[in-house]
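What follows is a short report on a single structure.
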Amino acid sequence: MSWGFMRGSAWKFLQSARYNNTAYATPNMFFDEEQDSASAAADSTSAEDDLDSLVLFGLFRGNVVGLRYYTGVVNNNEMVALQREPNNPYDKNAVKVNNVNGEQVGHLKKELAAALAQIMDRNLVRIEGVVPYGAHNVFTMPVNLSFWGREENEQLVVGHMKKYGYKLEPVPKGLGRNALSKGAGSSTSLPAVQLTIEQLKTEFDKLFEDLKEDDKTQQLEPAKAVQTPLLTHQKQALAWMVSRENSQELPLFWEQRKDLYYNTLTNFAEKERPESVRGGILADDMGLGKTLSVIALILTNFHNGQPLPITEVQSRKQKTNTPQKSLTSDPNKRSRNKASQGQCSETRAMGSSQEATCARSKRPKRQNVKRDSDDSDEEWLPRKTKSSPACSLPSDDQFAMALSGATQGVKKISKKKIIDKTTVQSHSKCVQELRRATLIVCPLSVMSNWIDQFEQHVRPEVNLNIYVYYGPERSKDPKTLSQQDVVLTSYSTVTHDYANNSPLHKVKWLRVVLDEGHTIRNPNAQQTKAVHSLDALRRWVLTGTPIQNSLKDLWSILSFLKLKPFIDREWWHRTIQRPVTMGDKDGLRRLQTLIKSITLRRTKTTKVKGKLVLELPERKVYIQYIKLSTEEQRIYESVQTEGKTIIGRYFREGTVLTHYADVLAVLVRLRQLCCHPHLVSSSFSSTSLAARSTPEELREKLVNKIKLVLSSGSDEECAICLESLNIPVITRCAHVFCKPCICQVIHSEKPNAKCPLCRSEIHVEHLLECPEEEFETTAKKDQKWMSSSKLDALISALTEQRKKDPHVKSIIVSQFTSYLSLIESALGESGFMFTRLDGSMTQKKRTEAIQSFQSTRVDSPTIMLLSLKAGGVGLNLTAASRVFLMDPAWNPAAEEQCFDRCHRLGQTKEVIVTKFVVKDSVEENMLKIQSRKRELAAGAFGTNKPSGSEIKEARINEIRTLIDL
DNA sequence: ACCGCCGGGTGCC
DNA sequence: ACCGCCGGGTGCC
């Protein structure tokens, strides 16, 4: 079969058949109408995927029939969902009508269904229903249908309906047709105040920021099991989270009227009380201690509003059950993991007594309540606590008192009362009594951080079982998992588990916590579905960035929180997302209320009692001048003299820029000599350039030279965009630019593009990318190891610091990766523990390096060797409070960014930066250029970009300054 | 469903 | 009687 044959309707058929399980009822087969181009456009993109760009085609009053056959009921003005039912044995065109709870109410009348089936199946239209009068109908009821779709399909849909004898009513005035183009309003409420795009955008940006200054100021002392003292804002987080988990309040947008519960958004009502949302979104900025807050929550609201007590007798360390080989290479940890696996027998015993609770709860209620509350303590406290009640009780009482301050509406709660209430409440579902374990789902990269933090913050004598559910050895037994206190796992494991019917989804969790919760924002991703289907009473989402792109991202999170009625995307979309994107002020207000009620967010600018949540400690930058040794000075001066001669000649000839590569090579050599003589590769021989070879050979040499310049780690800039090089490429004339920049130049100057720096002819096909990882260390292996003046200065600074405080961590930064290697040797000699991060490392190695450095363990490395450009802005190295910048960068901003990797939220110590600069050298001249650039950046904001000639002028002047000419 | 529709019974007034 | 009309049976898709 040729592709040409496939391209027509057959292809379309295959495509829709793929997405539609009922192959024989695939709409295309019955869609015998004009298959014009407009309809083809809609086939490929599902209208579901881009709900925001839909317009309202028109309205129609239809009928719902067959009410008496179904249990679903609707109220006046209640929203209903329309669902195609292509497998209905009586009518392949059938369209089901469901209420907000997903219960079937009836069907659309068959004639109408016949008209709708095809256009619905082909995603040409999305139809929404509101029943204007639904309360007392027995056999049929009216339904107001609104037709939504992509603008280009409007005529097709309207024409199609007309053909079946249905004329869509035009959209009434004041009701929005388009997002933000005309009036606005939802299909249920009439014209609302509309916002402009700008207003909407501002409101949207403010959505999470507004949460900062509100009433979530209650504080709660954590359980004694938490050994780290909480900061004020963390106690606030704890109070808020505990009160949300124990909340008996109706969820937002629900009202009780007589014996029914009404949803005010959809007008849906039901007898059963909607579950409180026992959880929410903790959206604190990075560094505010979300992890600690959650650990405190787990220990403080451990069971029935009670903390996990400390068992005095137990001297055993806290347990970390790891079924796989330890995540870190730490041998201590590995042995501890092994030892802890024997621990399981104890938890199993506890599990069987939980079953006993379940059986008992079927007894007559009266007796039961009391017994349960009494027994409950026994079951949930580790056995040994019983023998030493003196230990656990004071902390419980303290907790009860603290809780009375934090729980709304209840004045004074005794411990007993809480338990009675909960027991009665969940009596019907005795299963809930079995729930013990908290599941923490996080990206694999932060899993070891959780383990570290548990070890750091939980008192060692506390008997807390943690199981790391990861790796091939993990237990497939749900019971093992449900008997843990904490199970840690990764998103990919949850996803894999979901597809393979493994235990994670069988356990009834007490609590599920999603770390970096924004990772589930794609509603169609398997991962999202896997996470949504976890069974838990309490649900939390931790994220620093709750909304990344649009409102759409929120749905997955809200659905995970089991926030009725938003679990189903349709109701979220109809009641919040669309009204908001259409600029409806009421919709926005609803969204704001919603977010406010379930989110706690503090940022670095949030204030508690007028003081910033976290005040960044000071940062001090010192320059330490280095004097070269006589020998180093001799080499430096000889290279400098040679370089000055060559570059001086270029200046006289006016050919500095055409020989830019040579110039840079000289400068790099000088900068390297300031650091360590061994950095200078012997292949740097400026005389080779002078020798005339064939044009091909010459170019080859130039290109090799610039490659050396690039791979030596210097921070070269693109002369076109003035930013750091993005995909560096080399021209035939040996000038280096960002690939996108120079390609644009070549494109716009077609066909005679010239190099912006030297005006030689340039062609796209001659551009050469620098081969990514060329890491022959320029420092020769056969050279005998020696130190350098700067290296000596570094080591003595580090040694002195270690004497003062051996736990202080440092970052050592250089642009030359080979220098980092030399430093490694020196560090090793002096017995420093270090790790390294540079551009050549795989993502996996990078995360490993970052984690081991950030770890608080006593045996973690105290030094991080960092290449200047390694890692993005996000790189977080707050474990360090000292920075040693071994060589100045061209661009002061690059240095600043580097300092900020440790001087950022989460830093608790004063940060001291030391810049090593060799006196009377190219480095000192670089400082002059830096301060010039700083002035430029500060003063000339908003002025035009410098022209080509200005750039050239500036470059030439820079070179003059650098080489002292 | 106090409808519409179907189909059998029926047939001057 | 190949109609009209009556009234019972019946009822989503």
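Excluded from the calculations below are hydrogen atoms, water molecules and symmetry mates; all remaining heavy atoms, backbone and side chain alike, are included. Letters A, B, ... are given to chains in the order of the sequence lines, protein chains preceding strands, and every chain is numbered from 1.
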Counterpart residues, ring pair (Phe, Tyr, Trp, His ring centres under 6.0 Å), relative to A/F147 (two or more places apart): none

Partners meeting side-chain hydrogen bond (donor to acceptor under 3.5 Å, both in side chains) with A/E255 (sequence neighbours left out): A/R257

Which residues share a side-chain hydrogen bond (donor to acceptor under 3.5 Å, both in side chains) with A/Q256, sequence neighbours left out: A/Y261

Nearest-angstrom distance, C1' atom, C/dC13 to B/dC2: 26 Å

Distance, P atom - from C/dT10 to C/dC6, rounded to whole angstrom: 22 Å

Mind calculating the distance between [atom1] ([X]) and [atom2] ([N]) to the nearest angstrom?
X      : N      : atom1 : atom2 : value
A/K92  : C/dC12 : NZ    : C1'   : 17 Å
A/K96  : C/dC13 : NZ    : C1'   : 11 Å
A/D91  : C/dG11 : CG    : P     : 18 Å
A/L67  : C/dG11 : CG    : C1'   : 13 Å
A/E85  : C/dC12 : CD    : P     : 14 Å
A/Y90  : C/dC12 : OH    : P     : 10 Å
A/R84  : C/dC12 : CZ    : C1'   : 15 Å
A/F139 : B/dG4  : CZ    : P     : 14 Å

Contacts of type side-chain contact (heavy atoms from CB on, under 4.5 Å), residue A/V73, not counting sequence neighbours: none

Partners meeting side-chain contact (heavy atoms from CB on, under 4.5 Å) with A/H505 (sequence neighbours left out): A/V494, A/D497, A/Y498, A/A530, A/S533, A/L534

Pair A/F268 + A/Y262: ring centers closer than 6.0 Å: no

Test of ring centre spacing under 6.0 Å for A/Y70 and A/H107: yes

Members of residues 103-113 of chain A that approach DNA chain C, where some heavy atom sits under 4.0 Å away: A/H107, A/L108, A/K109, A/K110

A/Y69-C/dC12 aromatic stacking (under 5.5 Å, under 30°): yes

Anti or syn - C/dA1, cut at 90° from 0: syn

Who pairs with B/dC12 - Watson-Crick or G-U, where each distance is under 3.5 Å: none

Presence of donor-acceptor pair under 3.5 Å, side chain of A/N88 and base of C/dC13: yes

